[in-house]
**Student:** 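After the C-alpha cells below, expect a handful of questions from me.
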2 protein chains.
Amino acid sequence: MTVTINDVAQAAGVSKGAVSYALNGQPGVSDDTRERILKVARELGWTPNLRAKSLSSAKAFAVGLVVARDPRLLGTDPFFPAFIAGIETTLVEHEYALVLTVAASADAEEMGYRKLAADSRVDGVILTDMRVDDSRIALLKSLKIPAVTLNRPETSSPFPAVCMDDTEGIAAAVEHLVSLGHTRIGHVGGPQSYIHGRSRRLAWQNAMSKAGLEASSFIEADFTAAGGLAATAELLRSAQRPTAIIYANDLMATAGQSYAQSLGLTVPDDLSITGYDDTELATYLNPPLTTVPADPLLWGRVAAQQLLSLLGGAPAADVYLPSPKLVVRASTGPVPQHAE
Amino acid sequence: MTVTINDVAQAAGVSKGAVSYALNGQPGVSDDTRERILKVARELGWTPNLRAKSLSSAKAFAVGLVVARDPRLLGTDPFFPAFIAGIETTLVEHEYALVLTVAASADAEEMGYRKLAADSRVDGVILTDMRVDDSRIALLKSLKIPAVTLNRPETSSPFPAVCMDDTEGIAAAVEHLVSLGHTRIGHVGGPQSYIHGRSRRLAWQNAMSKAGLEASSFIEADFTAAGGLAATAELLRSAQRPTAIIYANDLMATAGQSYAQSLGLTVPDDLSITGYDDTELATYLNPPLTTVPADPLLWGRVAAQQLLSLLGGAPAADVYLPSPKLVVRASTGPVPQHAE
DNA sequence: AGCGCTCTCTGAACCGGTTCAGTAGATATA
DNA sequence: TATATCTACTGAACCGGTTCAGAGAGCGCT
C-alpha cells in the first residue's frame, strides 16, 4: 500500500537504519549512499509516517491552544480567529499542526490541558488571556508542557513571553482626549482578573494623573457588548458624567456608542469614544471608531515561532513586539462647550 | 517512567495481549481475569498512549477543519469561533481532538487537506462554506478522507450533510418587510460562489416574486464590512432606491446601517435593515438589528456528531436542523410615507 | 606488520500498543 | 472413551519509524 522506510531500504539495498540516517540528514552514511537512498525514496514516493515518527521520537509535531471562553461569546471576540491564523502561518512552515480546545469553564480549561498532556497530543502550548494569578503556569509546569505566554504574567513564570505593550496605546488615547480639552475621561475596562484588563486600566490611570486629572470614572466590565452597554449606562448616569470614555475593546465601545446615540447623544459632539482592537467594523461605524489596533496576526505568528524555538531547545527569552499606535477616527472630538 | 501495558501485564501475571483485550472490552479474557487486569491497571495508574494506539490502530483520534479565509478578515466572522466551540462539545465527549488549519488561498486550502491526509493527522474533516462547484469533494474523495458538509452541495457528494435551511429566515424577512408596506426591498448578498450566498439570494428572489414584487435590487458583496458599505452605497445611489435592504450577514448590515446613518438617513424611518447571524452586537446597535439567528454552536455540535458516527461506520445520512426564525428588532419599520 | 582510529553500515532493540495464529484445558457430543 | 468444540490465554508479528552497539573496511602512524 503506502511505501515505508522498509521498502526504500530494500529497493536501495541497505538497512532500515541507513535509510533513516539518510532521510534525516544525520551522519552515518556516505554521501554516495545518501544520494542513492534519497533518489530511491523519491522514486518510490515515500512520505514519512507521522504516527510512527511520533511514537518513536516521542514528539507530537503539534502545538496546542486552549481557549477558555463562554462558547456563546467566543464569536464576539475578533482576536482569536486572527490570532489562530497567525499561529498557523508559522506552523505550516514547520510541518506542525494546531490542536485547538475550547473550554467553557475553568474546570474544563484545566481538563483541556490535562488531556493534551495525557495524550501527548502536543509538544507545547500557547497561553492567551493571562490572568493576574494564573494557575495555568503551575499546572503546565507540573505537566511538564513547554509553553509561551502572551505578555509576561505577574506571577513568576518559567515560560518565555511574547509581549505587546498595550499601555502606550491607552496612554495615547488619554493624551489625545486631553489635547481635545477633555478632563472627565472615563474608562470601561475588561475584567481586572486579566492582566490586559488590568494593564489598560493602570495605563489610563497613570496617563490621567500625568495630565493632572482624576481617574475616578472606572467601571469594570467583561469585554462583551452587553457589559459595555451596562457600564456606559452607569457612567452616563453619574453626577460627574464623563465627556469621553476609553473602552478596553471595540465591542464594548461599539455597544456604548450605540447606547449613547440611542439616548440622543451625538458622538463625538456630546461624548467622545475610543476602543481597542481596531476590528474591521470599527472603520465602518457611524462615526468610525478611534481605537488602538491590536495585531493578533503578528502576535500569533511570533508566539508560534517562539514556542517552536523553545521546543527546539533555544533558551527561553521574552520577545517584545512594537506597541500599537492610536488610530484617530471620528468618534473623538473636542470637549462639549457646556461641559468645560 | 510512564506505566505501559507491559507493566500492567507483568503485574497482573498475564500477557500483553490479554491486557489489551481486557482494557478494550473485547472478548478473549474471562470476567475474573478482566476484573483483575482492570484493577491492576487502575492501581498502577495506567493511561493509554495515544501515539502507540494511533500507530497500531491506524487512527488519529482527531478530526480536521480547514478554514479558508483571508486571515485578516477571519476575525470579522463570528461564525467560526462558535462553530468550533460546538464541534468541541462533541469531540471532548469522545476523546477526539480538533486539528485546525487556516488557509489564506485556494492553493493553501488544498495543501491543508493534502497535509492532513499525508500525515494522517485526522480521521475525517468537516467542510464549511460550501461552494457551488466545490472542488474539495473530489479532492477528499481522492484522498479517501471521510467528511461531513455543512448543507448539501449542489455537486453530487458522497458525504453526509448537516443542513440548516437559511431560506426560511430570509423569506420571513421579506414577508416581514412586505407587511410593513415595503415594495422596494434590496438584497446585499454574499459571494454567489458560496451556496449560502446563493441560497439566500434565491430565497429573497422567491419571496419577492411570491409577494408580486420585483427582485431587481441585488448587489453581490463579500460578507465584509467594507463590502457591505460599498453595496449599500450603490443601492442608495440607484434611481429606484430601496426602502429596505436585506443583508446576507450582520457585519454587512451593520456597516450598511452606519453608512446610511452617516448620510443623514434614519433607520428604520428612512431605511429598514435586516441582517443574518444574530451576533451579540446586533442587539446592542442603534437601532438594534432585525436579523436571523444562525446557530453555529448547534451546527458544530451536530456536524461533529455526524462525522464521528460516520467514522464509526454508520451509513451516511443527512441531518436536518431546525430553520432559524427571524428576530424582529428596531432596525425595521413601516415604509416611509413619501416613498409609498 | 601491528595497532588504533575513523567511517560506513548492519542488525536488533525499542516506542506502546493491536491482532492473529496457535495451544492447553475444559466442556459438550456421539 | 474418543472426538469435536469452545473458552481463555500466550507468544509473536506488526504498525513504521529511531537509535544504539558493534562489525568490517580502510587509513595513517610507528
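Chain naming here is simple, since letters A, B, ... match the order of the sequence lines and numbering starts at 1 in each.
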**Student:** Checking all strands, does V19(A) fall into the base, sugar-phosphate, or nothing category for heavy-atom contacts under 4.0 angstrom?
**Tutor:**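 Nothing, no heavy atom under 4.0 Å.
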**Student:** In whole Å, I'd like the distance from the NZ atom of K53(A) to the P atom of dG17(C).
**Tutor:**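 Taking atom P of dG17(C) as the reference, NZ of K53(A) is at 22 Å.
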**Student:** Rounded to whole angstrom units, what separation is found between the CD1 atom of I37(A) and the P atom of dC9(C)?
**Tutor:**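 The distance from CD1 of I37(A) to P of dC9(C) comes to 7 Å, rounded to the nearest Å.
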**Student:** Measuring to OP1 and OP2 of dT18(D), would you say a side-chain N or O of S20(A) lies under 4.0 angstrom away?
**Tutor:**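 Looking at the OP1 and OP2 atoms of dT18(D), one of them is under 4.0 Å from a side-chain N or O of S20(A).
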**Student:** May I ask you to say whether R131(A) pairs ionically with E109(A), meaning some side-chain N is under 4.0 Å from a carboxylate O?
**Tutor:**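 E109(A) and R131(A): salt-bridged.
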**Student:** How many Å lie between CG on L23(B) and P on dG17(C), as a whole number?
**Tutor:**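 Nearest whole value for this atom pair: 9 Å.
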**Student:** With under 30° as parallel and over 60° as perpendicular, where do the rings of F80(A) and F83(A) fit, or are they tilted in between?
**Tutor:**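 Judged by the thresholds at 30° and 60°, the geometry between F80(A) and F83(A) is perpendicular.
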**Student:** Between dG11(D), dG16(C), dG17(D), which one does the side chain of L55(A) approach most closely?
**Tutor:**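 It is dG16(C).
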**Student:** Within the structure shown, what part of the strands sits under 4.0 Å from T33(A) by heavy-atom distance: base, sugar-phosphate, or nothing?
**Tutor:**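 Sugar-phosphate contact only.
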**Student:** Assign each of S57(B) and D31(B) to its nearest nucleotide of DNA chain D by heavy atoms, then name whichever residue's nucleotide is nearer the 5' end.
**Tutor:**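 Result of the comparison: D31(B).
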**Student:** For S56(A) and dC15(C), is the shortest distance between a side-chain N/O and OP1 or OP2 below 4.0 Å?
**Tutor:**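 For dC15(C), neither OP1 nor OP2 has a side-chain N or O of S56(A) closer than 4.0 Å.
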**Student:** Report the residue from D119(B), L143(B), I145(B) that forms a side-chain contact (heavy atoms from CB on, under 4.5 Å) with R114(B).
**Tutor:**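 That would be L143(B); it is the only one of D119(B), L143(B), I145(B) passing the side-chain contact (heavy atoms from CB on, under 4.5 Å) with R114(B).
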**Student:** Of the options dC9(D), dG17(D), dG17(C), whose atoms approach the side-chain atoms of T4(B) most closely?
**Tutor:**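 My answer, after comparing the listed nucleotides, is dG17(C).
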**Student:** Using a strict cut-off of less than 4.0 Å between a Lys/Arg side-chain nitrogen and an Asp/Glu carboxylate oxygen, indicate whether K39(A) and E43(A) qualify as a salt bridge.
**Tutor:**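 Salt bridge flag = yes for E43(A) with K39(A).
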**Student:** Expressed as a whole number of angstroms, how long is the span from K59(A):NZ to dG17(D):P?
**Tutor:**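 The answer, rounded to whole Å, is 16 Å.
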**Student:** Distance check: side-chain N/O of Q26(A) vs OP1/OP2 of dT19(D), anything under 4.0 Å?
**Tutor:**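 Yes, within the criterion.
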**Student:** By nearest atom, which of the nucleotides dG16(C), dT10(D), dG17(D) is closest to the V14(B) side chain?
**Tutor:**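 My answer, after comparing the listed nucleotides, is dT10(D).
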**Student:** Please confirm whether the ring centroid of H196(A) lies under 6.0 Å from the ring centroid of Y194(A).
**Tutor:**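 Ring centroids of H196(A) and Y194(A) are less than 6.0 Å from each other.
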**Student:** For R51(B) and dT18(D), give me the distance from atom CZ to atom C1', rounded to whole Å.
**Tutor:**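 In whole Å, dT18(D) C1' lies 13 Å from R51(B) CZ.
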**Student:** Base, sugar-phosphate alone, or nothing: which one does S120(A) contact when heavy atoms must sit under 4.0 Å apart?
**Tutor:**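 Answer is nothing: S120(A) stays at 4.0 Å or more from every strand.
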**Student:** Rounded off to whole Å, could you give me the CD1-to-P distance for the I5(A) and dC9(C) pair?
**Tutor:**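 Checked: the CD1 to P distance equals 15 Å.
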**Student:** Just how far, in rounded Å, is C1' of dT18(D) from CZ of F61(A)?
**Tutor:**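 Taking CZ of F61(A) and C1' of dT18(D), I get 11 Å after rounding.
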**Student:** Both W46(B) and Y21(B) contact DNA chain C. Which one's nearest nucleotide lies toward the 5' end?
**Tutor:**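 This one resolves to W46(B).
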**Student:** Tell me which one of K141(A), R152(A), M130(A) satisfies side-chain contact (heavy atoms from CB on, under 4.5 Å) with S157(A).
**Tutor:**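 With S157(A) as partner, K141(A), R152(A), M130(A) yield a single side-chain contact (heavy atoms from CB on, under 4.5 Å), made by R152(A).
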**Student:** Counting only side-chain nitrogens and oxygens, does N24(A) get under 4.0 Å of the OP1 or OP2 atom of dT18(D)?
**Tutor:**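 It does, given that an N or O in the side chain of N24(A) lies less than 4.0 Å from OP1 or OP2 of dT18(D).
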**Student:** Between C1' on dT10(C) and CG on N6(A), what's the gap in Å once rounded to a whole number?
**Tutor:**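 To the nearest whole Å, that distance equals 14 Å.
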**Student:** Taking atom types as they are modelled, is there a donor-acceptor pair under 3.5 Å from the base of dG17(D) to the side chain of K16(A)?
**Tutor:**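 In this structure, the two groups form a donor-acceptor pair.
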